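The residues of the chain are indexed from 1 along the displayed sequence. On a predicted model such as this, the values are computed, not experimentally measured, just so you know.
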Amino acid sequence: MSEIFKNIPEIKYEGKDSKNPLAFRYYDANRVILGKKMSEHLPFAMAWWHNLCAAGTDMFGRDTADKSFNAEKGTMAHAKAKVDAGFEFMQKLGIKYFCFHDVDLVPEADDIKETNRRLDEITDYILEKMQGTDIKCLWGTANMFSNPRFMNGAGSTSSVDVYCFAAAQIKKALELTVKLGGRGYVFWGGREGYETLLNTDVKFEQENIAALMRMAVDYGRSIGFTGDFYIEPKPKEPMRHQYDFDAATAIGFLRQYGLDKDFKMNIEANHATLAGHTFEHELRISAINGMLGSIDANQGDYLLGWDTDEFPSDVYSATMCMLEVLRAGGLTGGFNFDAKNRRPSNTYEDMFYGFILGMDTFALGLINAAKIIEDGRLDAFVKQKYQSFESPVGEKIRSGKATLAELAARAEEMGAPANPASGRQEYLLGIVNSILFN
Ligand code: XUL
Ligand code: CO
């Protein structure tokens with residue numbers, strides 16, 4: 001098999017002073033931080049769709065990049081060329097995981113039996129390529145949003161036939177995920193939402209989505225899938241209202257339908273900001289509910305109201321993310337670069353620059369977050385902020401033993417309480433800056 005990225009060497013760590021564009025300045029796989037190697041803290045993944053499929057087409061113009069990898073697009077030869085390109089790419093960067101949608105792997109045929117045959121063939125080929133490497137699948141998923149049949153949704157569709165088709169795709173994608181050793185299985189509800197209540201029965205649709213997820217869990221467990229199912233929340237785009245608006249909404253939904261034991265969140269940075277939250281807010285909400293599973297590592301543009309899927313470069317945001325991840329004890333999933341090059345960044349080198357940028361940004365985030373934890377001032381401040389609850393009445397409240405009447409009696413006896421102590425936000429932000437830019 002011939003090399004595809006001929007001019008690109010293996011990307012190595014060269015340290016912060018390196019001017020070599022094809023080297024890491026901060027991501028040093030073997031460097032130990034808080035007792036674990038960077039590569040263990042940061043299980044990075046390549047998104048098949050952006051990296052090997054998307055070539056720059058947008059609403060106003062066609063492809064700018066060549067992702068044919070020397071094969072004719074739309075053929076199985078091209079599907080295999082993408083596997084070759086993907087493995088060469090991951091190996092040159094030291095990436096150990098990939099994520100896929102069914103239709104990223106092969107061209108979809110008119111007959112699902114033929115599509116599934118193609119999927120069997122390509123995953124046999126991927127398995128072959130995996131041998132002798134330590135590359136594995138992070139998660140798989142079924143694309144239930146691109147084909148026109150899903151215009152009214154998949155689990156939320158008005159057509160029972162489309163619902164069955166979605167079930168067939170999930171069944172196959174689960175089998176492939178198991179075959180490729182996947183850690184997780186994702187539901188991103190791209191079309192699971194609505195444009196107007198005038199034509200929508202929200203309760204009916206949500207019940208059907210939950211039923212489909214329940215069937216997916218039952219089937220997954222029956223074929224030996226022991227990983228996590230994930231919901232990837234997103235508030236809007238493509239739909240005006242999406243049911244998995246944010247982590248809190250998705251967690252409430254999972255609890256309502258008894259799916260919370262099998263599911264966790266796959267939090268995407270750009271989806272968080274579209275929901276009007278910070279990335280770290282979504283991570284915190286997931287973590288405190290025991291549902292922080294995996295991360296789609298990208299970033300949005302604060303000036304634009306849609307999902308731009310940029311490679312992460314915001315070190316501050318990555319630091320806040322890694323603080324949440326470290327405090328949660330790590331991820332059972334990983335960091336999937338659900339990110340694409342900007343349309344004019346259209347060469348093979350740019351594909352590597354995107355990943356080098358993202359990996360270095362998260363390495364810096366990890367280094368900084370570890371320093372913030374070791375410094376201890378932020379944690380100490382938060383602990384001390386709630387200290388008044390360590391009193392006898394505070395402990396009674398915390399252990400659920402207090403009554404409203406008893407607290408009211410205490411308040412009446414006490415008179416007006418003093419204002420709580422300062423929140424010291426500017427002081428704390430200063431600490432973060434001093435640690436980041438020492
Ligand atoms: C879309 C998105 C998807 C999911 C997988 O915004 O993030 O690519 O990650 O379907
Ligand atoms: Co995503």
Side-chain angles (χ1 to χ4, degrees), residues 138-145 150 152-160 162-178 182-194 197 200-235 239 241-268 271-272 275 277 281-296 328-329 331-333 400:
L138 182 67
W139 52 257
T141 187
N143 178 325
M144 307 190 298
F145 44 87
F150 295 119
N152 283 352
S156 61
T157 182
S158 47
S159 155
V160 76
V162 171
Y163 193 92
C164 293
F165 199 92
Q169 270 187 259
I170 295 169
K171 176 175 176 287
K172 189 67 186 175
L174 268 166
E175 289 163 3
L176 301 176
T177 302
V178 171
R183 282 188 180 190
Y185 183 88
V186 162
F187 282 87
W188 170 58
R191 306 274 174 197
E192 313 291 30
Y194 67 90
L197 286 176
T200 307
D201 185 336
V202 172
K203 186 165 184 287
F204 182 92
E205 294 197 355
Q206 293 203 349
E207 285 168 0
N208 280 358
I209 294 170
L212 193 56
M213 288 180 172
R214 164 56 48 213
M215 289 186 263
V217 169
D218 291 344
Y219 184 71
R221 299 305 179 215
S222 80
I223 60 165
F225 176 63
T226 55
D228 290 318
F229 288 85
Y230 302 125
I231 282 187
E232 184 178 321
K234 185 175 182 183
M239 300 304 273
H241 300 273
Q242 277 173 212
Y243 294 134
D244 303 326
F245 187 94
D246 60 2
T249 312
I251 291 167
F253 170 87
L254 291 171
R255 293 224 170 105
Q256 181 179 354
Y257 293 104
L259 294 160
D260 48 309
K261 298 286 171 291
D262 294 282
F263 273 81
K264 289 192 166 77
M265 295 294 115
N266 179 40
I267 296 298
E268 177 163 323
H271 296 180
H277 299 308
H281 167 89
E282 288 293 85
L283 297 169
R284 176 70 64 92
I285 296 298
S286 307
I288 62 173
N289 284 286
M291 287 200 203
L292 177 53
S294 204
I295 284 177
D296 269 13
L331 300 175
T332 46

Partners of [X] by ring-ring contact (aromatic ring centres under 6.0 Å, His included), sequence neighbours excluded?
X: Tyr243; value: none
X: Phe204; value: none
X: Tyr194; value: His241
X: Phe145; value: His101, Trp188

Which residues share a side chain to side chain contact (heavy atoms under 4.5 Å, CB included) with [X], sequence neighbours left out:
X: Lys261; value: none
X: Ala272; value: Glu282
X: Val162; value: Arg149, Phe150, Thr157, Ser159
X: Ala168; value: Ile112

Any residue meeting salt bridge (charged side-chain N to carboxylate O under 4.0 Å, His left out) with [X], in chain and number order, not counting sequence neighbours:
X: Lys234; value: Glu237, Asp307
X: Arg284; value: Glu324
X: Lys171; value: Glu175

| task | Could I get the full list of side chain to side chain donor-acceptor pair (under 3.5 Å) partners for Thr200, not counting sequence neighbours? | result |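 With neighbours one apart ignored, the set is empty.
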